[in-house]
Amino acid sequence: MKQKNADRYRLLLITIVAILYIFPFLWMVSNSFMSEKNIFSVPPKFIPDLLFTDQMFDNYKEVFTQYNFGRYTVNSLWVYALAAFGQILVCSLAGFALSTMQFKGKNLIFSLLIFTLMIPVQVTIIPEYYLFLKLNWMDTYLPLIVPSFLAGAFGTFMLKEFFAQVPRPLFDAGIIDGVNAYQMFARIYLPQASSPIATLFIIAFMNNWNDLLRPMLYISSRNLYTVTIALSQFQNQYGVKWNLLLAGSVLSVLPLLIIFAFSQRYIIESTMNSGIKG
């Protein structure tokens, strides 16, 4: 009886916490179907005034037609997907090398890599900006893509720890069979890392997707805008178009939800297997 009561209280607590977490998203979705004048009306209206009317999707139509939001979404999708794949490529290679190979300065390199996690972006953004300016990369997507192909401390650490759990006899057997390092990586280690790679892809894609600082610094042409810059269009010196901003915010979240929905199985597997040694 006590156990049943404890389970009920636990379920109630989880439900309350879940509602608190999901409420801002539900508020955003609900108000994206409101006219601008009713979003902050007093007393507040919890049922959208445009819901189930002929004007129900007017906010979304305006976001697409007048603000070209579809183009900006496509820009973000391919740019940040490419950047995420760059993280997977570099971090998986680096993680494999650091976990399986012995070379001079290995521990120092790994320590310096981990140390970069403590350096905030704001510290490095000025020399980074100066570098890309000298390379004549301004107003291109290169500053948003190329850095992902150069380093990734978190992804390297995560994949290094995963590759370190792969049974050593597999590595030794490959050496005996005459397999070189690249074949070992591609045929033995990489196929076993589908879960952490999917997790890394989502984290890298999400971090890039939500980034506003770099797109604002490097992109000036309107046809190259990303989603985060596009959302800033709804705010100017005269005020904020909240109904359009909320509709655009809902649209900007949808790709992340879709990717997470298709990849959540790999994330759960990666979390469950993170502490299991081979």
Side-chain angles (χ1 to χ4, degrees), residues 21 76 79-133 135 137 141-166 181 185 189-190 192-219 226-228 253 255-256 259-260 263-264 266-278:
Y21 270 93
S76 295
V79 169
Y80 295 140
L82 186 58
F85 279 119
Q87 282 277 290
I88 291 173
L89 175 64
V90 174
C91 294
S92 59
L93 287 170
F96 172 75
L98 290 169
S99 63
T100 62
M101 300 179 181
Q102 299 297 327
F103 51 89
K104 189 175 181 179
K106 169 184 170 180
N107 293 332
L108 177 61
I109 292 173
F110 182 65
S111 299
L112 290 175
L113 188 66
I114 296 301
F115 177 74
T116 61
L117 288 171
M118 296 181 286
I119 303 176
V121 176
Q122 292 77 5
V123 174
T124 60
I125 197 66
I126 295 177
E128 178 185 294
Y129 178 87
Y130 185 74
L131 174 63
F132 293 147
L133 182 64
L135 291 173
W137 285 2
Y141 290 133
L142 291 175
L144 307 182
I145 298 174
V146 172
S148 295
F149 283 83
L150 299 179
F154 172 77
T156 300
F157 173 76
M158 182 175 69
L159 289 173
K160 174 187 177 298
E161 293 302 308
F162 178 84
F163 288 144
Q165 298 175 17
V166 176
F185 168 74
Y189 280 75
L190 197 60
Q192 301 187 56
S194 58
S195 296
I197 284 176
T199 303
L200 177 59
F201 177 85
I202 293 175
I203 293 173
F205 184 86
M206 183 177 65
N207 289 340
N208 285 302
W209 183 273
N210 292 329
D211 187 22
L212 175 62
L213 180 59
R214 285 191 174 93
M216 289 289 287
L217 283 176
Y218 302 124
I219 303 298
T226 60
V227 164
T228 49
V253 171
L256 299 179
I259 292 175
F260 180 80
S263 305
Q264 62 175 327
Y266 297 102
I267 298 176
I268 295 172
E269 289 178 1
S270 178
T271 303
M272 292 178 63
N273 296 331
S274 60
I276 299 177
K277 293 284 183 179

| field | Minimum heavy-atom distance F110-K160, with the two atoms named | value | CE1-CD, 3.4 Å
| remark: Between the CG atom in L217 and the CG atom in L133, the distance rounded to the nearest 0.5 Å is 11.5 Å
| remark: CZ of F163 to CG of L159, rounded to nearest 0.5 Å, is 5.0 Å
| query | Which side chain to side chain donor-acceptor pair (under 3.5 Å) pairs, counting each pair once, include a residue from residues 79-100, with sequence neighbours left out? | reply | none
| For atom OH of Y130, is the number of surrounding heavy atoms from other residues, nucleotides or ligands below 6.0 Å larger than 12? | no
| request: With sequence neighbours excluded, tell me which residues meet ring-ring contact (aromatic ring centres under 6.0 Å, His included) with F132. | output: W137, Y218
| task | Keeping the roles fixed (side chain from T228, backbone from N210), state whether a donor-acceptor pair exists under 3.5 Å. | result | no
| field | Separation between CD1 of I259 and CZ of F201, rounded to the nearest 0.5 Å | value | 5.5 Å
| query | Rounded to the nearest 0.5 Å, what separation is found between the CG atom of L131 and the CD1 atom of I126? | reply | 14.0 Å
| request: Using the test side chain to side chain contact (heavy atoms under 4.5 Å, CB included), find all partners of N207 that sit at least two apart in sequence or belong to another chain. | output: I203
Which atom pairs, donor and acceptor, lie under 3.5 Å between side-chain atoms of residues 141-157 and protein residues at least two apart or in another chain?
residue	atom	partner	partner atom	Å
Y141	OH	N75	ND2	3.3
Y141	OH	L224	O	2.9
T156	OG1	G152	O	2.7

| Does M118 have any side chain to side chain contact (heavy atoms under 4.5 Å, CB included) partners at least two apart in sequence or in another chain, and if so, which? | F115
| Test log, rule side-chain contact (heavy atoms from CB on, under 4.5 Å), inputs M101 and F96 | CA-CA 8 Å; M101 300 179 181; F96 172 75; 3.6 Å; yes
| Are L213 and V121 side-chain neighbours, meaning at least one heavy-atom pair lies under 4.5 Å? | yes
| query | Going from CG on L112 to CG on N107, what distance comes out if it is rounded to the nearest 0.5 angstrom? | reply | 11.0 Å
| said: Once rounded to the nearest 0.5 Å, what's the spacing between atom CZ of F162 and atom CG of L200? | reply: 12.5 Å
| request: Give every residue pair that meets the salt bridge (Lys or Arg N to Asp or Glu O under 4.0 Å) criterion with at least one member in residues 112-130, sequence neighbours excluded. | output: E128-R214
